[in-house]
Trainee: 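Got a structure here, written out as structure tokens. Questions coming.
Worth saying up front: this structure is predicted, and the values here are computed from it rather than measured. In what follows, every chain begins at residue 1, and chains take the letters A, B, ... in the order their sequences are listed.
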Number of protein chains: 2
Amino acid sequence: MDTKTEIMDLAEQLIRSRGYNSFSYKDISSALNIKNAAIHYHFPAKHDLGKAIINRTRLRFAQHISEWKTASPTRQLEQFIATYEGANEKELICFMGSLGPSYKTLPESMQKELTAASFEIRSWIRIILKAGLADGSFSFNENLEEKSDAIITSLLASLIMNRVTGENILASIKSVIFTGLQREAL
Amino acid sequence: MDTKTEIMDLAEQLIRSRGYNSFSYKDISSALNIKNAAIHYHFPAKHDLGKAIINRTRLRFAQHISEWKTASPTRQLEQFIATYEGANEKELICFMGSLGPSYKTLPESMQKELTAASFEIRSWIRIILKAGLADGSFSFNENLEEKSDAIITSLLASLIMNRVTGENILASIKSVIFTGLQREAL
DNA sequence: GTCTATAGGGGGATAGAC
DNA sequence: GTCTATCCCCCTATAGAC
């Protein structure tokens, strides 16, 4: 693997485990047995690295939802939640949960990428919920946009709460999400 | 107001707007027209300040829920959500949303306080939901503990997403929470 | 593309005077 | 209880050799 990719992979891991403002070039250079200057060659400033990572995440998300496209709404939502489960196993939180809280401290280029990512994710979930309503696999009373945001916020924070509590909050949230998409027929 | 309280108030604001690792003693000393050494007198190490703030938040929460005690479950939950609305107006996120993501970077004393706080909040919401089920003001199909965690995670992350999106996600989440506590009678 | 060397600033923390 | 002065470490970033 080329150095640039290795740097990005490790930086992403560091961001999602410690936060953007809590990792340094030294963390990367020492782990990869290179020098800080080598990182600066690939990413002149730290925010260039940060921006590149968010952008790559956006591209990966676009690839994912494209691959999932033919599956049922339920299955697509399961696939989406599976990415959180994968993160959880690696003891990582999602990039939105890591970068969002420190939004105000981020350089503008990173803020823009992050905001763009948030709209892409939110609009995708809306589409999935709408499709589920249309084919009858989902049923709920809440406003569709609001329900969508309730789903992503609870997923985002579940990874954070997993750390703080030491419990598997994500599993609980997953259960609540699917129960909440099946309005009971009495 | 005494200096110690002023320091804590400002530090809390800084933590909840920028994060624990992204504020410095200089931010506080310059704003209060004192010197860094004065802060070190009251809080020898930064983590002493951090711990004190979390502990104060725990005490305040205990006071709040004690004051709310006689109100209906619905009203108590509204009061709780009102604290998020208050934070939102001041452009602050909750302390759990700020400190949780950087949990791994925090000194042990702060981690313990944070974890203790999480259990206090979660157990309170469980009590409220249970009371609401008992008196018939709430109705839902989900497991009570899981439903409780879904509520606090969505609230926590709504403040974060407000920043990233520039929208009022908290209002949406509030709406979804109350709708989700009224299972429809068909 | 990676290195050495270094600049320049900011961080938390402490000693001792007042 | 607050100050001045200072220490030491880590940070991001750049210049120039290889």
Side-chain angles (χ1 to χ4, degrees), chain A residues 1-54 56 98-99 101-111 113, chain B residues 1-56 98-99 101-111 113-114:
Chain A
M1 198 190 312
D2 59 304
T3 306
K4 187 167 185 173
T5 306
E6 285 186 313
I7 293 170
M8 286 182 69
D9 289 348
L10 186 50
E12 179 183 343
Q13 217 177 326
L14 288 165
I15 288 175
R16 292 172 58 190
S17 78
R18 311 161 81 78
Y20 178 74
N21 291 315
S22 300
F23 86 91
S24 70
Y25 274 36
K26 192 184 178 185
D27 295 327
I28 298 175
S29 57
S30 63
L32 298 183
N33 279 313
I34 56 178
K35 301 298 172 184
N36 281 8
I39 307 175
H40 280 286
Y41 169 79
H42 295 285
F43 303 97
K46 193 183 181 184
H47 61 82
D48 294 317
L49 176 53
K51 178 183 173 178
I53 289 169
I54 308 177
R56 186 176 71 168
S98 171
L99 298 172
S102 47
Y103 190 78
K104 287 189 176 184
T105 73
L106 300 178
E108 200 187 345
S109 63
M110 288 181 67
Q111 290 181 337
E113 283 286 337
Chain B
M1 198 191 314
D2 60 304
T3 306
K4 188 168 184 173
T5 306
E6 284 186 314
I7 292 170
M8 286 180 70
D9 288 348
L10 186 49
E12 180 184 342
Q13 216 178 327
L14 287 164
I15 289 175
R16 291 172 58 190
S17 78
R18 311 161 79 78
Y20 178 74
N21 291 315
S22 299
F23 86 92
S24 70
Y25 273 36
K26 194 185 178 186
D27 294 327
I28 297 174
S29 57
S30 61
L32 298 183
N33 278 312
I34 55 177
K35 301 297 171 184
N36 280 9
I39 307 176
H40 279 286
Y41 170 77
H42 296 286
F43 303 98
K46 193 181 180 184
H47 60 83
D48 294 317
L49 176 54
K51 178 183 173 178
I53 288 169
I54 308 177
N55 192 261
R56 186 175 70 168
S98 171
L99 297 173
S102 47
Y103 189 79
K104 288 189 174 181
T105 72
L106 300 178
E108 201 187 346
S109 62
M110 289 182 65
Q111 289 181 339
E113 284 285 336
L114 199 61

Trainee: In whole angstrom, what separates B:I39's CD1 from C:dG12's P?
Mentor: 9 Å

Trainee: Tell me the interatomic distance from A:K46, atom NZ, to C:dG9, atom P, rounded to whole angstroms.
Mentor: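 Going from NZ in A:K46 over to P in C:dG9 covers 19 Å.
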
Trainee: When all nucleic acid strands are considered with a 4.0 Å heavy-atom cut-off, which category describes A:Y25: base, sugar-phosphate, or nothing?
Mentor: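 Sugar-phosphate only.
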
Trainee: Which nucleotide sits closest to the side chain of B:A38: C:dG11, C:dT4, D:dT2?
Mentor: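 Among C:dG11, C:dT4, D:dT2, the one nearest the side chain of B:A38 is D:dT2.
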
Trainee: OP1, OP2 of C:dG1 versus side-chain N and O of A:T3: anything below 4.0 Å?
Mentor: no

Trainee: Going through the distances and angles, do A:E12 and A:R16 end up as a side-chain contact (heavy atoms from CB on, under 4.5 Å)?
Mentor: CA-CA 6 Å; A:E12 179 183 343; A:R16 292 172 58 190; 2.9 Å; yes

Trainee: Just the rounded figure in Å: distance from C1' of C:dG11 to NZ of A:K26.
Mentor: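 To the nearest whole Å, that distance equals 14 Å.
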
Trainee: Students often get this wrong, so: under 4.0 angstrom with heavy atoms, is A:N36 touching a base, only sugar-phosphate, or nothing?
Mentor: base

Trainee: Counting only side-chain nitrogens and oxygens, does B:Y41 get under 4.0 Å of the OP1 or OP2 atom of D:dG1?
Mentor: yes

Trainee: Strictly by modelled atom types, are B:T105 and B:N21 linked by a side-chain donor-acceptor pair under 3.5 Å?
Mentor: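 B:T105 vs B:N21: donor-acceptor pair found between side chains.
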
Trainee: Is the charged tip of B:K51 near the ring of B:F43: under 6.0 Å from the six-membered ring centre and within 45° of its axis?
Mentor: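 Judged by the rule, B:K51 and B:F43 form no cation-pi pair.
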
Trainee: Between A:L49 (CG) and D:dA13 (P), how many Å, whole number?
Mentor: 10 Å

Trainee: Distance check needed: C:dG11 P versus B:H47 NE2, whole Å only.
Mentor: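 Computing the B:H47:NE2 to C:dG11:P distance gives 18 Å.
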
Trainee: Counting only side-chain N and O atoms of B:H42, is one of them less than 4.0 Å from OP1 or OP2 of D:dT2?
Mentor: yes

Trainee: Whole-Å distance between C:dG11 P and B:R18 CZ?
Mentor: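 Nearest whole value for this atom pair: 10 Å.
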
Trainee: What is the distance, to the nearest angstrom, from the CG atom on A:N21 to the C1' atom on D:dT12?
Mentor: 12 Å

Trainee: Side chain of A:S24, heavy atoms from C-beta onward: which of D:dT2, D:dC11, C:dG1 has the nearest atom to it?
Mentor: D:dC11

Trainee: Between B:R56 and B:D9, does at least one N-O distance fall below 4.0 Å, as a salt bridge requires?
Mentor: yes

Trainee: Reckon B:K35 has a side-chain N or O less than 4.0 Å from the OP1 or OP2 of D:dC3?
Mentor: no

Trainee: Return the value, rounded to whole Å, for the distance between atom CG of B:L32 and atom C1' of D:dT2.
Mentor: 13 Å

Trainee: Can you figure out which of C:dC3, C:dG12, D:dT14 approaches the side chain of A:H40 most closely?
Mentor: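 Closest of the options to the side chain of A:H40: D:dT14.
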
Trainee: Let's see if you can work this out: which of D:dT12, C:dC3, D:dT4 has an atom nearest to the side-chain heavy atoms of B:A37?
Mentor: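 In terms of side-chain proximity for B:A37, the closest of D:dT12, C:dC3, D:dT4 is D:dT4.
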
Trainee: Out of C:dC3, D:dC3, C:dA13, which has the shortest distance to the side chain of B:I34?
Mentor: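 Between C:dC3, D:dC3, C:dA13, the one nearest the side chain of B:I34 would be D:dC3.
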
Trainee: If only atom types and distance count, is the side chain of A:E6 paired as donor or acceptor with the main-chain N or O of A:L32 below 3.5 Å?
Mentor: no

Trainee: Select base, sugar-phosphate, or nothing to describe what B:F23 touches, counting heavy atoms under 4.0 Å on all strands.
Mentor: sugar-phosphate

